[in-house]
Each structure stands twice: as C-alpha cells, then as structure tokens.
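Structure record follows, encoded as structure tokens.
In what follows, every chain begins at residue 1, and chains take the letters A, B, ... in the order their sequences are listed. FYI, side chains are in, hydrogens and waters are out, and symmetry mates aren't considered; it's all heavy atoms of this structure.
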Protein chains: 2
Amino acid sequence: MKEPIQVFADYIAKNNLKVTPQRMLIVEVFLKDEGHLTTEELYERVKKADPSVGQATVYRTMKLLCDSGIAKEVHFGDGVARYEQSYGSKHHDHLICERCGKNLEVIDDQIERLQDELAAKHGFVLTSHRMYLYGVCSDCRSGK
Amino acid sequence: MKEPIQVFADYIAKNNLKVTPQRMLIVEVFLKDEGHLTTEELYERVKKADPSVGQATVYRTMKLLCDSGIAKEVHFGDGVARYEQSYGSKHHDHLICERCGKNLEVIDDQIERLQDELAAKHGFVLTSHRMYLYGVCSDCRSGK
DNA sequence: TTACCTGCAAACAGTTTGCAGGCCG
DNA sequence: CGGCCTGCAAACTGTTTGCAGGTAA
C-alpha cells in the first residue's frame, strides 16, 4: 500500500499541479494528527511551523487533499468542517460524547450490511453514508 | 395525541411568549410541508402569504419550533439547515439520491438496536443519532 | 401598561475568490 | 518563461443580533 503522501504526490503530478512548501507543510500537519481537525485548528498548527502561510491556502489545500482521496470532510453538526484521513483508513462511523466532546471512530459490519439492504429495499444503490451516534460516555456519566 | 400546533401553543403559553400572526403563519407553512425545507424555502413560502414578514422572524420562529419539540433541524451536508416535523412522527433516518435529490425517510429497527449495542460496547449511552445514506435511486439509474 | 415581537440593517463566522506578485518545473 | 500558487483583503453565504417602534395579554 502506498503512503498517503505518495498518493497526494501522484495526484499533484497527474493534474499538472505543483509541489510547494506550503502544500507539503499542510499535508504533513494533517497526516500527523489522528483526529478530526477543523480548518482553523489546522491553520493554527501550520502557522506554528510557518507563520507566513495564509488561511486561504489551508482551505485550498484541504480541498485538494479531499480530491486526491487522502482526506475526507466530515460534519458533526456544528457548522464547521472537519477533516479526517481517508486513505488507508477504513470507513467508519462516529460516536460522539455530548458532554466532553470525545469522539470515537466505530464500525459495525452488521450495521453496514443492513444499511445496504435497507437502501436496496427502496431501490437505491448506496455510494456512501454517514452515521453519527450522540450520547454520553462512561467517564462523563460516572463523573457526574 | 395532541396536534403539533397545540403543542406549540402550549409551549408559547408555558414560556410567557406570545401568539403573533407571523408565528402562526410560519408554523402553518412549516406543518403543511412533508419534506425538509430550508429556512430560505420557508421564507419564500411565508412571503407569498405575507410579504411583510422578515427573514429574521423565520429564523427565530424555527428555533422556537425546535425548542417546542415540533420541529427538528437536520443537515444533509451542504451547510444549510433544514427542518422536518418531529412531533408525532417517529424517528427516522435519511436515504438521499445524489442525482435527483430525492429524499426518503427510512427506518430499520434492527439497525436502531445494533446502534444502541454498538454504543454500549464502548461505554456510551445514546441520546440520539443521525444516519444519512447517500446513493442513486432506481429512477436515476434507469434513466441514465 | 409592559413585556415580548417585529422588520431592518448591521454584525458575524466560516468559507470562497479576485488580484498582483512569486515560484515551480 | 509560463502557468500554477500564494497571501491579502474583499466578497459571499447562512445565520444571529441590536435597535426603535409595534402589539399581544
């Protein structure tokens, strides 16, 4: 399996785009984190390494990362776009604690299968789906 | 079971709010539609009945409807809030056609149960969830 | 009468875009 | 060199809010 960074490099090459220090820095920052960073958070981290980078470049680059397939935009419901790694990491859903904001990536094969069946029952062929489970984690319940 | 409009009236009374023509008009327009209207769409329809109503009032009223429990805000991923009826209509998920925009409300008891189990496995107690299935409907596939 | 409401416009937050200069290939 | 890139600031979109006047109870 190729490295995500390589996937991005291939994408750049194939589309006659250019490898720039800004893009490389942003990809690096993005890949270093396991979570679901907002553009703002990515921008903050990027600025620490190079304060001259503009916010627009972060927005533009994240779009490129999505197009290249190594990033995926997710929305948790608060009107802010977040990004997670999508290349090499399996599809998953989200389990979010409403108190502390903790966010687990979860997956259940049986649910995945039932989703396809449910869609098929209505004549749909699924291309993707998003499932967000909101609740309270055990830490927050015991700490209450 | 009470009528949604009655639920809203009770909410108004209980919170020392007031019944105004604008609010009544907006509720009426909202309840008349089965779908998932955006604030913009609601505003357009409201204006047809009374052009003097302002957009802010629509926003403010939809928030009230959500608080009162007869409306629910949903996000399909395009950064626009939509509203659907939530009082008297069972929980459901969404099956969206990516080509024609068709939107079915679906539900699968087995999936609902597995979601609870999946959350419990991670120590969570679920309070709610959102599931959006994206695909292509049979009409669009055959019409292609 | 007294809150609460309303329309308007300004303010906001997140995101996009036009532009003039800069840099990769 | 030529076209893609960048930072900046202005523009945009969806939504919220302050205000002065209006209205339900």
May I have the distance from R60(A) (atom CZ) to dT17(C) (atom C1'), rounded to whole angstrom?
8 Å
Without hydrogens or angle criteria, can the side chains of Q85(B) and E34(B) be said to hold a donor-acceptor pair below 3.5 Å?
no
Check: F8(B) and L65(B) side chains under 4.5 Å, non-hydrogen atoms:
yes
Taking the ring of Y134(A) and the ring of H94(A), is the distance between their centroids below 6.0 Å?
no
Does the ring centre of H129(A) sit less than 6.0 Å away from the ring centre of Y132(B)?
no
Closest-nucleotide mapping onto DNA chain D: is V80(B) or P51(A) further toward the 5' terminus? I mean the 5' end.
P51(A)
I want to check one thing: is the phosphate of dT15(D), taken as OP1 and OP2, less than 4.0 Å away from some side-chain N or O of T39(B)?
yes
Pull out every residue in residues 2-25 of chain B that has a heavy atom closer than 4.0 Å to any atom of DNA chain C, ordered by number, or say none.
N16(B), L17(B), K18(B), T20(B), Q22(B), R23(B)
Distances for protein N/O vs nucleotides 20-22 of chain C N/O pairs under 3.5 angstrom?
none

Restricting both atoms to N or O, compile the protein contacts to nucleotides 9-13 of chain C shorter than 3.5 Å, with distance only.
none

Going from CD1 on I26(B) to OH on Y43(B), what distance comes out if it is rounded to the nearest 0.5 angstrom?
10.5 Å
dT15(C) phosphate, OP1 or OP2: any side-chain N/O from Y59(A) under 4.0 angstrom?
yes
Looking only at side-chain N and O atoms, does T38(B) come under 4.0 Å of OP1 or OP2 in dG14(D)?
no
Hydrophobic cluster mates of L114(A), side-chain heavy atoms under 4.5 angstrom, ILVMFWY only, any path?
L95(A), L104(A), V106(A), I111(A), L118(A), F124(A), L126(A), M131(A), L133(A), L95(B), L104(B), V106(B), I111(B), L114(B), L118(B), F124(B), L126(B), M131(B), L133(B)
Please round to the nearest 0.5 Å and tell me the distance separating atom CG of L64(A) and atom CD1 of I12(A).
6.0 Å
Quiz: residues 16-23 of chain B side-chain donor-acceptor pairs under 3.5 angstrom, not counting sequence neighbours:
| from | atom 1 | to | atom 2 | distance (Å) |
| --- | --- | --- | --- | --- |
| T20(B) | OG1 | R23(B) | N | 3.2 |
| R23(B) | NH1 | K18(B) | O | 2.8 |

Determine whether a donor-acceptor pair (N or O, by modelled atom type, separation under 3.5 Å) exists between the side chain of T38(A) and the backbone of A81(A).
no
Under 4.0 Å from OP1 or OP2 of dT15(D): is there any side-chain N or O of K63(B) that close?
no
The reported gap from CZ in F76(A) to CZ in R130(A) (rounded to nearest 0.5 angstrom) is 10.0 Å
In whole Å, I'd like the distance from the CD atom of Q55(B) to the C1' atom of dT13(D).
11 Å
Rounded off to whole Å, could you give me the NZ-to-P distance for the K47(A) and dT6(D) pair?
17 Å
Among residues two or more places apart or on two chains, list those pairs meeting salt bridge (Lys or Arg N to Asp or Glu O under 4.0 Å) that have a residue in residues 49-74 of chain B.
none
Round to the nearest Å and state the distance from F76(A) atom CZ to dG14(C) atom P.
16 Å
